[in-house]
Trainee: 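If you scroll down you'll find the structure; I have some questions about it.
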Amino acid sequence: MEAPSSAAIPNGGTGVTPRGWQAGGFRQSRAGPPRPQGWPAALNQETRSSRPSEPERRLWVWRHRFPLSYRNSDADNPRPCFWPCGSGLAVGARCARLTPVVGIVSMRILIKHLLAATEPREAVTVKGWVRTRRDAKGFSFLALNDGSCAANVQVVVDAGTPGAEQLPQFTTGASAEIEGRLVPSPAAGQKWELRATRVALIGAADATYPLQKKGHTPEFLRTIAHLRPRSNLFGAMFRLRSRLAFAVHQFFQERDFVYVHTPIITASDCEGAGEMFRVTVLPGNRDEPARGDFFGKPAFLTVSGQLEGETFACALSNIYTFGPTFRAENSNTARHAAEFWMIEPEMAFCDLAGDMDLGEEFIQAMARYALEHCAEDLELFAQRVDRHLLARLQFVVERPFVRVSYTDAIRILQQSGRAFEFPVLYGHNLQSEHERFLTEEHFQSPATVFNYPREIKPFYMRLNDDGRTVTAMDVLVPGIGEVIGGAQREERLEQLRANMAFHRLNPEDYWWYTDLRRYGTVPHAGFGAGFERLLMFLTGMPNIRDVIPFARTPGNAEF
RNA sequence: UCCAGAGUAGCUCAAUGGUAGAGCAGCCGGCUGUUAACCGGCGGGUUACAGGUUCGAGUCCUGUCUCUGGAGCCA
């Protein structure tokens, strides 16, 4: 293993510049990825006499730029990787396309893989950030975390270990590299520990490092959003967010849904769904003159990809979108953000029942995925945030959702004998307290409410035969409220026009949307699911600002 | 935007209108296969900001800012 020194890095900070390599374009572009800590000995000019061959050089660059190309990890048949790139692949991972060319270099292993070991290991390297250090006579304990899992690895450093003279600087928050042997831990608390054979400080963290060993409030951690992923809870949060984003795609791809990238900039407020952010190149962001502006008309950030999604469903049958959505509402609650991610499936040849089926199946699948693939992180949320979390998720996975029409829901609320702050009236939206009563007390389960009065729902929802209600549906979950809102769309041209008139909309603004009904119209349905609300439900986190890496809310766009 | 609450050491919080304190973090020392280790010592403050009442304001009053909870809107 080469010590990670800048001198070993071609074109690196010390000015060692192997000119011959530059001519071949070896110097990475300014926009390229950051250089690794150490370069393979095979490519290090100080440790080899000949310059690397062009294939070697290209291989290295390629591997570094596309670390995902590591595949076929095979724990039973470990083949130490040639590339010490720190890209997150375990020792033993093997590239699908490339065979190691030269040499074997000790490579950094992620702590998650290290702790999953089934037998002791010699000569492993881990890199991470110090959570705590406990000094004993003649040796020290380090708790090291690299974010790959919730658990820390306990490192035992004897006083005589190379690098141990730097131990006083191994304070909470410092980054470090440890080489050592993985051995069974003689003490309770962990299965394995790492007996260090060499330790090196990478970056110190002085006394101003704001994260302590002790717990912090979520409110304080929001003020240091750049550091909070280093805390246990937020590390778990954002690992889980990543996995669930993958689960969303997997869910739809397995069901033959086509992923559609609907526009983020849109030229008209097609849905009337609240305040929009203006997009303009005009100075001062003036409201009026769209003439001379970039698009020649007022442009905004999207509040929904639904209408565009419908056009693709009416061509590719089943589609979904998954992307950022923006609302300029001055909403200041634990459930609202100005920028959030929404999942919007749309299905051709589908009615409201099929829509509800998909929505409920989706929620259940996400809960099941989290339970199966994020168990360690969920355990943390169960301990710290919501001790009923696991039971609730299990319940959601196993039990069918309750379905109730809006009319019946109103009746249930009126007959509950409960004194609500807001009266329960047919023709009004369900208030938060009403939704909470239904899911948390009456049904004690997620519930799908359908067939709402047409007055309180948008124009595109299909009018039922009763002439009073539309085929809308909301999936409500305990603690959060509405997670999914959807509908069967109005596919009848004349009825759609009538709906527009009913809602006082100008049909000319929706000419392309109406065209879908003019040419080969089909019944179709879909819904919008808030990704963050889903995450809140799956983790028990009560505030949307704590499930978004860098939340945007009124008055807050720091970071 | 509306209603309510809060703002004191780096963090979490105390302090009848009368000398601003503790735990953790930091520094120094001790002890220990330790498990947000433990024990002792030390340093640490424009009490959010601006006015006002008072002999005296962290505390009472007014305004501003920020945060939190609830509501509306919704996902």
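Letters A, B, ... mirror the listed sequences (proteins, then strands); counts begin at 1.
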Trainee: Describe the nucleic acid contact of A:R195 in one word from base, sugar-phosphate, nothing, applying a heavy-atom distance below 4.0 Å.
Mentor: base
Trainee: With sugar-phosphate meaning primed atoms plus P, OP1 and OP2, does A:E339 contact a base, only sugar-phosphate, or nothing at under 4.0 Å between heavy atoms?
Mentor: nothing
Trainee: Look at the side chain of A:E219 and decide which nucleotide, out of B:A75, B:U1, B:C67, has an atom nearest to it.
Mentor: B:C67
Trainee: From the set B:C74, B:A25, B:G70, return the single nucleotide nearest to any side-chain atom of A:N429.
Mentor: B:C74
Trainee: Report the nucleotide, chosen from B:U34, B:C31, B:C67, that has the shortest atom-to-atom distance to any side-chain atom of A:R134.
Mentor: B:U34
Trainee: Just checking A:R403: does its CZ atom have more than 12 heavy atoms from other residues, nucleotides or ligands closer to it than 6.0 angstrom?
Mentor: yes
Trainee: Which part of the nucleic acid does A:Q212 contact within heavy-atom distance under 4.0 Å: base, sugar-phosphate only, or nothing?
Mentor: base
Trainee: Under 4.0 Å between any heavy atoms, over every strand shown, what does A:S432 touch: base, sugar-phosphate, or nothing? Just pick one.
Mentor: sugar-phosphate
Trainee: Would you say A:K213 reaches B:A37's phosphate, i.e. side-chain N/O to OP1/OP2 under 4.0 Å?
Mentor: yes
Trainee: In whole angstrom, give the distance that lies between atom NE2 of A:H336 and atom P of B:G69.
Mentor: 14 Å
Trainee: Using only side-chain N and O atoms of A:T171, determine if any of them is under 4.0 Å from OP1 or OP2 of B:G26.
Mentor: no
Trainee: Looking at B:U32, B:A37, B:C74, which one has an atom nearest to any side-chain atom of A:R533?
Mentor: B:C74
Trainee: Over how many whole Å does the gap from A:M276 atom CE to B:C74 atom P extend?
Mentor: 15 Å
Trainee: Show, in sequence, the C-alpha distance, side-chain angles and deciding distance for A:F300 and A:F277, and conclude whether the ring-ring contact (aromatic ring centres under 6.0 Å, His included) test is met.
Mentor: CA-CA 5 Å; A:F300 307 90; A:F277 287 102; over 10 Å; no
Trainee: Ignoring hydrogens, what is the shortest heavy-atom contact between A:E490 and A:R462? Give both atom names and the distance.
Mentor: OE1-CA, 3.4 Å
Trainee: Do A:Y513 and A:Y460 have their ring centres less than 6.0 Å from each other?
Mentor: no
Trainee: To the side chain of A:T333, which of B:A71, B:A37, B:C11 is closest?
Mentor: B:A71
Trainee: Would you mind classifying the nucleic acid contact of A:P210 as base, sugar-phosphate or nothing, using non-hydrogen atoms under 4.0 angstrom?
Mentor: nothing
Trainee: So what does A:D206 hit on the nucleic acid, given a heavy-atom distance under 4.0 Å: a base, only sugar-phosphate, or nothing?
Mentor: nothing
Trainee: Would a 4.5 Å heavy-atom cut-off, applied to side chains only, mark A:L301 and A:P324 as touching?
Mentor: no
Trainee: Using the P atoms only, state how far B:A6 lies from B:G40, rounded to an integer number of Å.
Mentor: 35 Å
Trainee: Of A:I456 and A:N556, whose nearest nucleotide on RNA chain B comes first from the 5' end?
Mentor: A:N556
Trainee: Taking only the side-chain heavy atoms of A:F141 (C-beta and beyond), determine which of B:U32, B:A25, B:U34 contains the nearest atom.
Mentor: B:U34
Trainee: Take the protein atom CZ of A:F139 and the nucleotide atom P of B:C31, then report the distance between them rounded to whole Å.
Mentor: 14 Å
Trainee: What does A:F422 touch in the nucleic acid at a heavy-atom separation under 4.0 angstrom: a base, only the sugar-phosphate, or nothing?
Mentor: sugar-phosphate
Trainee: Students often get this wrong, so: under 4.0 angstrom with heavy atoms, is A:Q154 touching a base, only sugar-phosphate, or nothing?
Mentor: base
Trainee: When rounded to the nearest Å, what value does the distance between P atoms of B:C27 and B:U34 take?
Mentor: 23 Å
Trainee: Just call it for A:A143: base, sugar-phosphate, or nothing, with non-hydrogen atoms closer than 4.0 Å on any strand.
Mentor: nothing
Trainee: Counting side-chain heavy atoms from CB outward, which of B:A25, B:G70, B:U35 is closest to A:Q190?
Mentor: B:U35
Trainee: Which nucleotide wins on minimum distance to the side chain of A:I544, given the candidates B:A37, B:G26, B:A75?
Mentor: B:A75
Trainee: Has A:H428 got more than 12 heavy atoms of other residues, nucleotides or ligands less than 6.0 Å from its NE2?
Mentor: no
Trainee: So does A:R335 get a side-chain nitrogen or oxygen closer than 4.0 Å to the phosphate oxygens (OP1/OP2) of B:A71?
Mentor: yes
Trainee: Contact class for A:T217 (heavy atom, under 4.0 Å): base, sugar-phosphate, or nothing?
Mentor: sugar-phosphate
Trainee: Once hydrogens and angles are ignored, does a donor-acceptor distance under 3.5 Å link the base of B:C73 to the side chain of A:S331?
Mentor: yes
Trainee: For A:F322, which of A:F246, A:F531, A:F362, A:F252 qualifies under ring-ring contact (aromatic ring centres under 6.0 Å, His included)?
Mentor: A:F531
Trainee: With sugar-phosphate meaning primed atoms plus P, OP1 and OP2, does A:F340 contact a base, only sugar-phosphate, or nothing at under 4.0 Å between heavy atoms?
Mentor: base
Trainee: Any side-chain N or O of A:N543 less than 4.0 Å from the OP1 or OP2 oxygen of B:G69?
Mentor: yes
